[in-house]
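The block underneath contains the structure these notes are about, expressed in structure tokens.
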Amino acid sequence: MADSSSNLKSDAIMEQMKQHLATDAGKQVTNKIGLVYQFHIAPKKLGFDEVVYTVDLKKGEVTKGSYEGGKPDASFSFKDEDFVKVALGKMNPQIAFMRGAMKIKGSLSAAQKFTPDIFPKPSKL
């Protein structure tokens, strides 16, 4: 596990997601999906120096570290740059999976509910 002072682009997206889930739009996402996702984000190569995030769409929380309430519904492994592309809607999650840019563990039906819609839209500043 990498140290907490990681400089992943994904860190900023997860921080935005944390704030997004506190809004009304975020609460709608939580109510609609109601699943727990765990993300393993690697700076360069899958499986190495991964930073783990838990996105709990039951409670509407984003935390750094492994899920503590049992097993997540689905776990995803990404390289940092690929996670950013999926989160910003620049890469379709299915395409990422087929290309090997994303690995999935757990429930495939839960994983299929993972779409760019769960992420906050990037602000147009």
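We use all heavy atoms of the structure for the numbers below, so side chains are in, but hydrogens, waters and symmetry mates are not.
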- line: Looking only at heavy atoms, the pair that brings Ala96 and Val86 closest together is CB-CG2, 4.0 Å
task: May I ask you to decide if Phe114's main-chain N or O and Tyr37's side chain share a donor-acceptor pair within less than 3.5 Å?
output: yes
- request: State, yes or no, whether a side-chain contact exists between Thr54 and Val36 at a heavy-atom distance under 4.5 Å.
  value: yes
statement: Closest non-hydrogen contact found for Ile41 with Lys79 is CG2-C, 4.4 Å
statement: Nearest heavy-atom approach of Ala111 to Ile104 is CB-CG2, 3.8 Å
message: Working to the nearest 0.5 angstrom, can you tell me the gap between Ser77 OG and His40 NE2?
response: 5.5 Å
- request: Kindly write out the residues that satisfy side-chain hydrogen bond (donor to acceptor under 3.5 Å, both in side chains) with Thr63, not counting sequence neighbours, or none if the list is empty.
  value: none
message: Test: salt bridge (Lys or Arg N to Asp or Glu O under 4.0 Å). Region: residues 17-32. Which pairs qualify, not counting sequence neighbours?
response: Glu15-Lys18
- prompt: Between Ile118 and Leu108, is there a shared hydrophobic cluster once you connect ILVMFWY residues whose side-chain heavy atoms come closer than 4.5 Å?
  reply: yes
query: Looking just at side-chain N and O atoms, do Asp80 and Ser10 make a donor-acceptor pair shorter than 3.5 Å?
result: yes
Student check: side-chain heavy atoms of Asp73 and Lys58 closer than 4.5 Å: yes
message: Counting C-beta onward and ignoring hydrogens, is there a side-chain heavy-atom pair between Leu21 and Val62 closer than 4.5 Å?
response: yes
field: Steps toward side chain to side chain contact (heavy atoms under 4.5 Å, CB included) verdict (Val52, Lys64)
entry: CA-CA 6 Å; Val52 178; Lys64 204 168 200 170; over 6 Å; no
task: Please confirm whether the backbone N or O of Gln16 pairs with a side-chain atom of Gln19, one donor and one acceptor, at under 3.5 Å?
output: no
- request: Compare every heavy atom of Ala74 with every heavy atom of Ala110, then report the nearest pair and how far apart it is.
  value: CB-CB, 4.3 Å
task: Please confirm whether the backbone N or O of Val55 pairs with a side-chain atom of Gln38, one donor and one acceptor, at under 3.5 Å?
output: no
task: Report the distance from atom CG of Leu8 to atom CD of Glu81, rounding to the nearest 0.5 Å.
output: 11.5 Å
message: Would a single hydrophobic cluster contain both Leu46 and Met98, if residues Ile, Leu, Val, Met, Phe, Trp and Tyr are joined by side-chain heavy-atom contacts under 4.5 Å?
response: no
Heavy-atom pair with the smallest gap, counting every atom of Lys113 and Ile33: O-CD1, 3.8 Å
Pair listing, ring-ring contact (aromatic ring centres under 6.0 Å, His included) test, anchored in residues 79-100, at least two apart: Phe39-Phe83, Phe78-Phe83, Phe83-Phe119
message: As an exercise, state the distance from CD1 of Ile95 to CE of Met102, rounded to the nearest 0.5 Å.
response: 10.5 Å
Interatomic spacing from CE in Met14 to NZ in Lys9 - rounded to 0.5 Å: 15.0 Å
- request: Please check if Tyr67 and Phe76 belong to a single hydrophobic cluster, counting links between Ile, Leu, Val, Met, Phe, Trp and Tyr side chain heavy atoms closer than 4.5 Å.
  value: no
- request: Find the distance between CZ (Arg99) and CG (Asn92) and round it off to the nearest 0.5 Å.
  value: 9.5 Å
